Amino acid sequence: MKFNCSGNERVYELEINPWLMVIIIFSINIVYVSFFTIRMIMTLKGYRYLAAMVSMVETVIYIVGLGLVLDNLDQIQNLIAYAIGYGSGVIVGSKIEEKMALGYITVNVITSERSQELPKALRTKGYGVTDWAANGMDGDRQSMQILTPRKLELKLYATIKEIDPKAFIIAYEPKTIHGGFWVKQVRKGKLFK
């Protein structure tokens with residue numbers, strides 16, 4: 001690594017252990033790609049301003065990491081560390097996003113028995129449930145649509161399976177939420193608090 005002193009034409013070289021450089025490049029790339037992944041997900045979920053702030057940090061980390069690799073292109077272990085760090089960063093970023101659980105999901109549930117037990121139990125726990133009679137290949141069914149914050153997704157599944165272990169469950173992320181009895185609570189961030 002070379003440093004130029006201002007006002008002086010001397011170039012100072014700082015020797016860093018090659019294995020330490022590999023660890024630094026690997027670590028920087030994990031952090032960079034994790035930030036990149038989180039920023040992309042925030043952008044897709046509508047957190048524009050937060051995504052913009054994350055992208056500023058992401059850019060600085062990227063430039064530092066890439067600069068280290070470009071300054072040492074003659075050392076193949078740095079390129080390998082960069083590539084492995086990039087792949088690892090995708091995994092780490094995805095895990096972080098799972099823990100953050102941004103946004104909401106819509107869960108469609110189809111039960112084989114027509115009963116108000118499951119919708120009533122879910123409503124008691126604070127979930128907004130719309131249910132209706134449905135027809136399946138093997139006869140009458142009950143269908144429900146439930147909107148919930150992603151951070152409560154696993155609790156919702158556990159509640160459904162506890163009451164009806166054979167329930168058919170499909171989940172997806174809604175793009176737009178408008179109307180309904182608790183939309184104001186969703187917008188204020190007060191749902192399930």
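Remember, it's a predicted structure, so these values are computed and weren't measured experimentally.
Annotation for P18 and Q75: closest pair CB-OE1, 4.4 Å, computed over non-hydrogen atoms. Minimum heavy-atom separation, S34 to G89: OG-O, 3.4 Å. Residues I110 and S143 share a closest heavy-atom pair of CG1-OG, 4.0 Å. Heavy atoms only, all atoms of each residue included: G65 and I28 are closest at CA-CG2, 3.5 Å. Across all their heavy atoms, I160 and A167 have their closest contact at CG2-CB, 3.8 Å. Between I38 and G93, the shortest heavy-atom distance links the atoms CG1-O, 4.1 Å.
For the pair V107 and I170, the minimum side-chain heavy-atom distance is 4.5 Å or more. Within the 4.5 Å cutoff, the side chain of E58 has heavy atoms near those of the Y32 side chain. Under the 4.5 Å side-chain criterion, counting only non-hydrogen atoms from C-beta, T111 is not in contact with S115. M40 is not listed as a side-chain neighbour of F35, based on a closest heavy-atom distance of 4.5 Å or more. M144 places none of its side-chain heavy atoms less than 4.5 Å from the side chain of T130. By the 4.5 Å heavy-atom criterion applied to side chains, Q142 and S112 are not counted as neighbours. Between M42 and M100, some side-chain heavy-atom pair lies under the 4.5 Å cut-off. Counting only heavy atoms from C-beta outward, the side chains of N78 and Y82 never approach each other to under 4.5 Å.
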* Asked: Would N29 and I84 satisfy side-chain contact (heavy atoms from CB on, under 4.5 Å), going step by step from the backbone distance to the final call?
  -> CA-CA 8 Å; N29 232 24; I84 293 172; over 6 Å; no

* To do: Start with the C-alpha gap between R123 and D131, add the side-chain angles, then the distance that decides, and say whether salt bridge (Lys or Arg N to Asp or Glu O under 4.0 Å) holds.
  => CA-CA 11 Å; R123 287 180 184 119; D131 68 301; 2.8 Å; yes

* **side-chain contact (heavy atoms from CB on, under 4.5 Å) between E117 and I163, worked out** => CA-CA 8 Å; E117 182 184 351; I163 296 169; 3.8 Å; yes

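Using a 4.5 Å cut-off between side-chain heavy atoms of Ile, Leu, Val, Met, Phe, Trp and Tyr, with links allowed through other members, I23 and V69 fall into different hydrophobic clusters. Transitive grouping of hydrophobic side chains (ILVMFWY, heavy atoms separated by less than 4.5 Å) keeps V33 and V22 in distinct clusters. I80 and W19 are not part of a single hydrophobic cluster, where members link through side-chain heavy atoms under 4.5 Å apart. No continuous path of ILVMFWY side-chain contacts below 4.5 Å connects V60 to I30, so the two sit in separate hydrophobic clusters. In terms of hydrophobic clustering, with Ile, Leu, Val, Met, Phe, Trp and Tyr side chains grouped at heavy-atom distances under 4.5 Å, I91 and I61 are assigned to different clusters.
Applying the side-chain hydrogen bond (donor to acceptor under 3.5 Å, both in side chains) test to every pair with at least one member in residues 157-173, sequence neighbours left out, gives these pairs: K45-E173, Q145-Y172, E153-Y157.
Screening L147, T148, I146, V109 against V129 for a side chain to side chain contact (heavy atoms under 4.5 Å, CB included) leaves a single residue, I146.
Going from atom CG of L73 over to atom CG of L79 covers 6.0 Å, rounded to the nearest 0.5 Å.
Between the side chain of S55 and the backbone N or O of A52 there is at least one donor-acceptor pair closer than 3.5 Å.
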